[in-house]
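All heavy atoms count here, side chains included; hydrogens, waters and symmetry mates do not. Letters A, B, ... are given to chains in the order of the sequence lines, protein chains preceding strands, and every chain is numbered from 1.
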Protein chains: 2
Amino acid sequence: MPTERESGRGRLSREIVLTTALALVDREGLDALSMRKLAGELGVEPMALYHYAENKDALLDGLVELMFDETHQALDAGPEETGVRAEMHRIALAFYRAANTHPQVLPLVVSRLLTVPLVRRPAPVLRLPERVLARLAAEGVDGPSAIRAYRACSAWALGFAIIDLRAVVDAPDETDPGFRLGLHRLRKDYPMLRSLAPVMAEGGGEPEFLAGLDALLDGLGIIDED
Amino acid sequence: MPTERESGRGRLSREIVLTTALALVDREGLDALSMRKLAGELGVEPMALYHYAENKDALLDGLVELMFDETHQALDAGPEETGVRAEMHRIALAFYRAANTHPQVLPLVVSRLLTVPLVRRPAPVLRLPERVLARLAAEGVDGPSAIRAYRACSAWALGFAIIDLRAVVDAPDETDPGFRLGLHRLRKDYPMLRSLAPVMAEGGGEPEFLAGLDALLDGLGIIDED
DNA sequence: CCTGTATAAGTACGTCGTAAATGTACGAGA
DNA sequence: TCTCGTACATTTACGACGTACTTATACAGG
C-alpha cells in the first residue's frame, strides 16, 4: 500500500517542487536544472510540474523567492535591533548568509532584477526593501536619503556576496591539466595578481562585509542618534 | 560576383562572431542567443561557429571578455590620473559604463565569477584587478589592504551597476494588464515602496556611484597623499 | 597546376520546454 | 454508499536547441 506521497493526488505542492528544485540547483548548478530532471527527482512526469509553475521561468523566479524567504525567516526569528546601524547590519547579514547558502541562485537574482519590473516581483523580494525603508523612515530619514541608503546597502550586499563567493572557487584546489600553464601565464603577465592570489583566495568574510557596509552608511550620514 | 565577406574562406573571425553575438544579446536578451540564430545572422551554417568558440559556454565567456575589453579600451584611451582616488574613479567609471552599455551581460559576469577559477579567466578580466592592484601598490598600499580595496571596489561597481540598472526597468512605462492590480497590492502591502517608487525609479547614476566608492575608500584609508 | 590545410556546410542524434488531449483519484453532496 | 465534478497527473507529440561526425570547398605554398 503506497503512502500518500507515492500515489495519486497530493504528491506535489508548490513548496515541495520549489525546495526540491533549489536543492538540485545548490547541488548540481543552474544548468543541471531541467523540468524533466526535476520531475524525475520527484517521481513524477514532467508535465505535472506545470501545475505549480506556469513555465520554467516562473520556476526560476520561485528559486529567487525562496532565497529571499530564507532571509526573512532569519530576520523574523530574532528581535529587531534598537539602533539603526545594528538593524541594518542584521538585515544585510541575513541576506548575505542566504546568498552564501545558495550561490547558484545569484545569477538568477541579477537577471530578474534586470528584467522583472518592481510591481510584479514576488512578495518576499519586495518585503526586504519595505523593511529597510520603513526602519529608516522611523529613524527620521527623509525619502530620497532612505532610497539612497537602500540602494547603497543592496548594491553592496549583492556585489560583495558575488565577489566574495568567488574566493571559494579561486581556492587552490585546482587539479586540471591546464593549471600549471595558467599559473605560468599569471606569473608572467599579472605579477600583482600572482603574488596576491593567496591573500585573495581567503575572501573577506562577514567582518569585511560589515566594514564596507559601515563605510557606506557613514558616507550617507546614517548614524545612531544618542 | 560575391564579395569576400559573402563567400568562401575568411567570412568569419572570432571578433566578428563575438561582436555579432554581443549585439544580438544587447538587442534581444540573453535567452534569444542561440548558435543557430547567431549563425543565421552571420549568413552561415551553425557548425561554422564552432571554429571560433569551442561550445556555447565559451561563446558566452567571450561576451564577458568583450565587456571587459571595452572597459580597457576606455581606460587606455585617456591618460592615467595622478591621484589614487581620481584613478580609482576613472577605472570604476569605465567599468560602470561598460556594464551599463551591456546590461544583459551582467548575469553572465556573475555566473562566471562563481564558476570559472581565476587562473583560466580571459585576459581582459584579469587585467582589471592587475591594473588596480598595481596602482595601489605604487601608492605604497600593502598587499592585504590592496586586496581589500580591490574587493570593495569591484563589489561596489558590480552591485551598483546591477541595482541601478534596475531603475530603467522599474520606470513607469508599464502598460501590462496586471499592472493596476500590482500597483494596488503595492499600495496596500508595501506603503513605503509605493510612496518612494518614483524616487527609486530615477536611479542614482554616476554621482551616487562615485559617492559610494568614495565612502568605501575613505573607510579603507585610501586617501591621496599631499 | 597541384595539393594540403583551414574553413564552411551537411547530416543526424539526443535533450530540452511545453501545448494539447487523456486518464485518474479524491471529497462533497445525494 | 454511491456518484460525479474537479483537481491533479500522464501521455503523446512537436519544434528548437547544442553539437558530434562527416563531407565539401577554396585558398596558399610548392
Side-chain angles (χ1 to χ4, degrees), chain A residues 1-22 24-25 27-64 104-105 107-108 111-112 115-116, chain B residues 1-22 24-25 27-64 104-105 107-108 111-112 115-116:
Chain A
M1 159 188 189
T3 80
E4 192 185 334
R5 278 292 315 284
E6 281 162 353
S7 80
R9 184 166 167 165
R11 267 185 296 180
L12 296 181
S13 72
R14 183 174 148 84
E15 203 195 335
I16 291 176
V17 168
L18 287 183
T19 56
T20 307
L22 181 56
L24 199 164
V25 166
R27 187 165 17 95
E28 306 185 33
L30 260 188
D31 293 346
L33 175 62
S34 77
M35 299 301 269
R36 295 167 127 100
K37 192 164 185 171
L38 176 56
E41 199 141 310
L42 287 162
V44 130
E45 294 301 310
M47 291 309 290
L49 303 176
Y50 286 80
H51 284 279
Y52 306 99
E54 201 177 331
N55 51 43
K56 192 181 179 182
D57 258 21
L59 191 144
L60 295 179
D61 284 340
L63 298 188
V64 174
Q104 309 275 8
V105 177
L108 288 182
S111 63
R112 305 296 134 161
T115 288
V116 182
Chain B
M1 158 188 190
T3 80
E4 190 186 334
R5 277 293 316 283
E6 281 164 354
S7 82
R9 186 169 168 159
R11 267 186 295 180
L12 296 181
S13 72
R14 182 174 150 83
E15 203 195 334
I16 292 176
V17 168
L18 287 183
T19 55
T20 308
L22 182 55
L24 200 163
V25 166
R27 184 162 23 90
E28 305 185 33
L30 260 189
D31 293 347
L33 174 62
S34 76
M35 299 301 269
R36 294 166 127 100
K37 193 164 184 172
L38 176 57
E41 199 140 310
L42 287 162
V44 128
E45 294 300 311
M47 291 311 292
L49 302 177
Y50 286 80
H51 285 278
Y52 306 98
E54 201 176 331
N55 50 45
K56 191 180 179 181
D57 258 20
L59 191 143
L60 296 178
D61 284 340
L63 297 188
V64 173
Q104 310 274 9
V105 177
L108 288 181
S111 63
R112 306 296 133 161
T115 287
V116 182

Measure CD/A:Glu45 against C1'/C:dT24 and give the value in whole Å, please. 14 Å
Round to the nearest Å and state the distance from A:Ile16 atom CD1 to D:dC8 atom C1'. 14 Å
Do A:Leu33 and A:Leu63 come within less than 4.5 Å of each other through their side chains, counting heavy atoms only? yes
Backbone N or O of B:Leu24 within a donor-acceptor pair of the B:Lys37 side chain at under 3.5 Å? no
Could you state the atom-to-atom distance from CZ of B:Arg14 to P of C:dA6 in whole Å? 19 Å
note: A:Leu42, atom CG; D:dC8, atom C1'; distance rounded to Å ~ 14 Å
Check A:Ser111 against A:Thr115 and note the closest heavy-atom contact, atom names and distance. O-OG1, 2.9 Å
Taking only residues two or more places apart in sequence or in another chain, which ones pass side-chain contact (heavy atoms from CB on, under 4.5 Å) with A:Pro46? A:Arg36, A:Ala39
Do any N or O atoms of the protein come closer than 3.5 Å to N or O atoms of nucleotides 16-19 of chain D, and which pairs are they?
{"residue": "D:dC17", "atom": "OP1", "partner": "B:Ser34", "partner atom": "OG", "Å": "3.4"}
{"residue": "D:dG18", "atom": "OP1", "partner": "B:Met35", "partner atom": "N", "Å": "3.4"}
{"residue": "D:dG18", "atom": "OP1", "partner": "B:Lys56", "partner atom": "NZ", "Å": "2.9"}
{"residue": "D:dG18", "atom": "OP2", "partner": "B:Met35", "partner atom": "N", "Å": "2.9"}
{"residue": "D:dG18", "atom": "N7", "partner": "B:Arg36", "partner atom": "NH1", "Å": "2.3"}
{"residue": "D:dG18", "atom": "O6", "partner": "B:Arg36", "partner atom": "NH1", "Å": "3.1"}
{"residue": "D:dG18", "atom": "O6", "partner": "B:Arg36", "partner atom": "NH2", "Å": "3.3"}
{"residue": "D:dT19", "atom": "OP2", "partner": "B:Tyr50", "partner atom": "OH", "Å": "2.9"}
{"residue": "D:dT19", "atom": "OP2", "partner": "B:Lys56", "partner atom": "N", "Å": "2.9"}

Can you find a donor-acceptor N/O pair under 3.5 angstrom joining the side chain of B:His51 to the base of C:dA6? no
Side chain proximity check, A:Asp57 to A:Arg112, heavy atoms < 4.5 angstrom: yes
Would you indicate whether B:Glu15, at its atom CD, is surrounded by more than 12 heavy atoms from other residues, nucleotides or ligands within a distance under 6.0 Å? no
What is the distance from CG of A:Leu59 to P of C:dC16, rounded to the nearest Å? 14 Å
